[in-house]
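To start, the structure itself, in structure tokens.
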Amino acid sequence: MRVSLRAALVLAAILLAIAPVLSGNAFYQRIAALVVLAAISASAWNVIGGYGGQVSFGHSVYFGIGGYAALLSFTKLGLPPIAGAPLGMLASLLLSAIVGLPSFRLRGHYFSMATIAIAALAELLVTNWGWAGGAIGLMGPATPRSPADLLFRSALPYYAIFLVVLAVLLALTWWMQRSRMGFYLRAISSGERAAESLGVPIRRTKLYALFLSGAFTALAGSLYAVMIGFIDPDSGFGILVSVNMVVMAALGGAGTLFGPLAGAIILVPLEETTNAVLGGGGSGAAYVAYGIIIMLLARFSPGGLAQWVPRPSAEKRVRRAA
Amino acid sequence: MSEALLRVSQLAVRYGDLVGVADVSFAVGEGEVVALLGANGAGKTTTLNALAGLVRPAGGEISWRGERIDGAPAHAIVARGIALSPEGWRLFVQQTVEQNLRLGAAALKERARFGPLLERVFSLFPRLAERRRQNAGTLSGGERQMLAVGRALMSDPKLLMLDEPSLGLAPAVVDAMYETLGQLRAEGLTLLIAEQSMELALEIADRAAVLQTGRTVLSGTAKEIAENPDLHRAYLGAAL
């Protein structure tokens with residue numbers, strides 16, 4: 001039973017991975033790339049927000065840093081945008097250390113509020129910072145100067161790149177989940193005070209998780225900027241960028257390895273389809289749907305869809321071990 | 001008593017404007033059992049939390065083997081050999097008994113010691129061994145208390161602090177728990193027990209300190225305290 005379930009999952013993953021290639025439809029291919037991109041940032045959020053239970057509503061700050069790092073390296077230094085990705089990741093580590101340590105003193109809702117404030121502050125700063133494009137934002141290269149610019153007509157190459165990044169992130173998360181750090185992180189999530197009293201190094205554990213989470217969110221931001229070729233304060237630092245990550249992870253199942261990916265697979269097509277069908281005037285429709293989804297989740301399935309995936313109960317595990 | 005393992009002098013803890021404890025002083029010698037007595041709200045839990053590094057003292061001194069430890073983070077304090085079995089157990093109810101015990105060993109430097117420590121806890125509480133793969137949330141009150149104590153023992157402490165080990169438990173379970181504490185004491189473990197029910201605590205303790213509204217109002221040997229007519233008045237809230 002278990003083996004066949006695993007085989008079915010692997011098969012489904014392969015099918016999902018090659019379906020856009022087979023379809024040959026540009027619209028679907030673009031959606032597939034965006035799904036994987038959203039899954040990267042939601043999975044990155046999941047490290048601290050899901051496993052660690054530190055619900056950040058300000059992860060757009062890392063996304064924005066990554067996006068701006070990419071397009072600033074292009075506009076200011078003439079580098080290919082992707083060259084800005086490591087710089088963005090580095091900056092996100094720095095910000096995590098500066099911002100994370102004081103905000104981790106706050107718990108629960110207070111922590112979430114602090115993260116919102118930080119992201120709002122970043123958006124405001126960038127909007128008023130002419131050198132970084134101000135309210136207008138920044139553009140990427142219009143035509144490819146070299147292959148390193150990663151400018152492709154088709155969405156498929158992006159899809160492939162994003163898939164590799166997502167695989168690396170999920171592998172790292174899987175490894176973390178099984179390591180001492182993941183164990184501590186889950187303990188912090190289910191009882192911070194208790195974990196602290198046992199000698200779990202709370203702040204260090206949360207900080208390392210934020211490093212991983214922030215760096216990959218920044219990478220997602222850079223990849224977004226590379227593919228879209230444009231970033232402005234709203235698409236980089238806006239609150240909806242953060243909300244997207246939270247809702248996707250929550251829908252699929254926060255604190256599970258594949259939950260955020262499942263959330264992205266459901267929500268991104270929904271958003272893209274409503275945008276395509278309703279046009280510019282209906283661009284807010286997806287968020288109405290998000291609101292409804294949040295309410296339904298809170299009422300019926302706080303653990304996300306992962307709650308419905310059968311797992312061996314503790315009792316069964318005991319029986320198997322006996 | 002100059003060679004006290006733990007010495008608390010004029011400890012004060014504030015929560016914002018609220019005073020948690022105002023002036024608590026006592027000492028614990030190596031191998032001793034000390035009872036921290038007092039009515040609900042006297043400051044016993046706050047004192048233990050300050051000792052464990054969970055709240056920062058606003059004043060006073062805490063020293064461990066002659067070194068100041070007040071203000072040190074909780075993980076540094078556990079690493080020095082002070083463990084707390086908290087009030088209300090604070091178990092990880094979604095995790096198994098064994099995972100809870102594993103978390104108790106978080107501050108342990110050498111991982112090789114985990115196995116022997118686990119065996120020791122299981123021999124002390126065979127019930128936990130039977131339920132090692134069961135979620136902590138499925139345990140009875142008595143088993144939860146065993147798990148809380150066992151988890152604290154997993155850091156191999158020199159001093160074990162217990163916050164209300166008898167709270168909410170059936171009398172027979174409490175007796176069994178105190179029997180185990182007696183066994184730990186015989187093995188040379190130093191114990192600091194915060195209790196509302198003074199008879200039990202005074203039976204096992206060498207010495208005791210009585211708190212009232214955040215201050216130490218009485219301290220001495222367990223016998224002296226038990227015979228002190230002021231003890232009951234302190235519990236009932238009379239000024240001493």
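Naming: A, B, ... by sequence-line order, numbering from 1 per chain.
- Across all non-hydrogen atoms, the minimal contact from B/F92 to A/S190 is CD2-OG, 3.3 Å.
- Taking the side chain as every heavy atom from C-beta outward, B/L103 and A/V200 approach each other to under 4.5 Å.
- Shortest non-hydrogen contact noted between A/R193 and B/L54 is NH2-O, 2.9 Å.
- Residues A/E196 and B/G53 come closest through the heavy atom pair OE2-O, 4.3 Å.
- Residues A/F183 and B/Q99 form a side-chain contact, since some pair of their non-hydrogen atoms from C-beta on lies under 4.5 Å apart.
- Between B/H75 and A/R204 the shortest side-chain heavy-atom distance falls below 4.5 Å.
- The candidate from B/Q94, B/R132, B/R151, B/R131 with the greatest count of non-hydrogen atom pairs under 4.5 Å with chain A is B/R151.
- Atom CZ of B/R56 has 12 or fewer neighbouring heavy atoms from other residues, nucleotides or ligands inside a 6.0 Å radius.
- Put simply, CG on B/L108 and CG on A/L198 are 12.0 Å apart, with the number rounded to the nearest 0.5 Å.
- The contact between B/R111 and chain A is made entirely by side chain atoms (from C-beta outward), counting heavy-atom distances below 4.5 Å.
- The environment of A/Q177 atom CD is dense: over 12 non-hydrogen atoms of other residues, nucleotides or ligands sit within 6.0 angstrom.
- Rounding to the nearest 0.5 angstrom, the gap separating the CD1 atom in B/I77 from the OG atom in A/S197 is 11.5 Å.
- When each of A/P201, A/A187, A/A195 is scored by its heavy-atom pairs under 4.5 Å with chain B, the top score falls to A/A187.
- Looking only at side-chain heavy atoms (C-beta outward), B/R102 and A/R180 stay at 4.5 Å or farther from each other.
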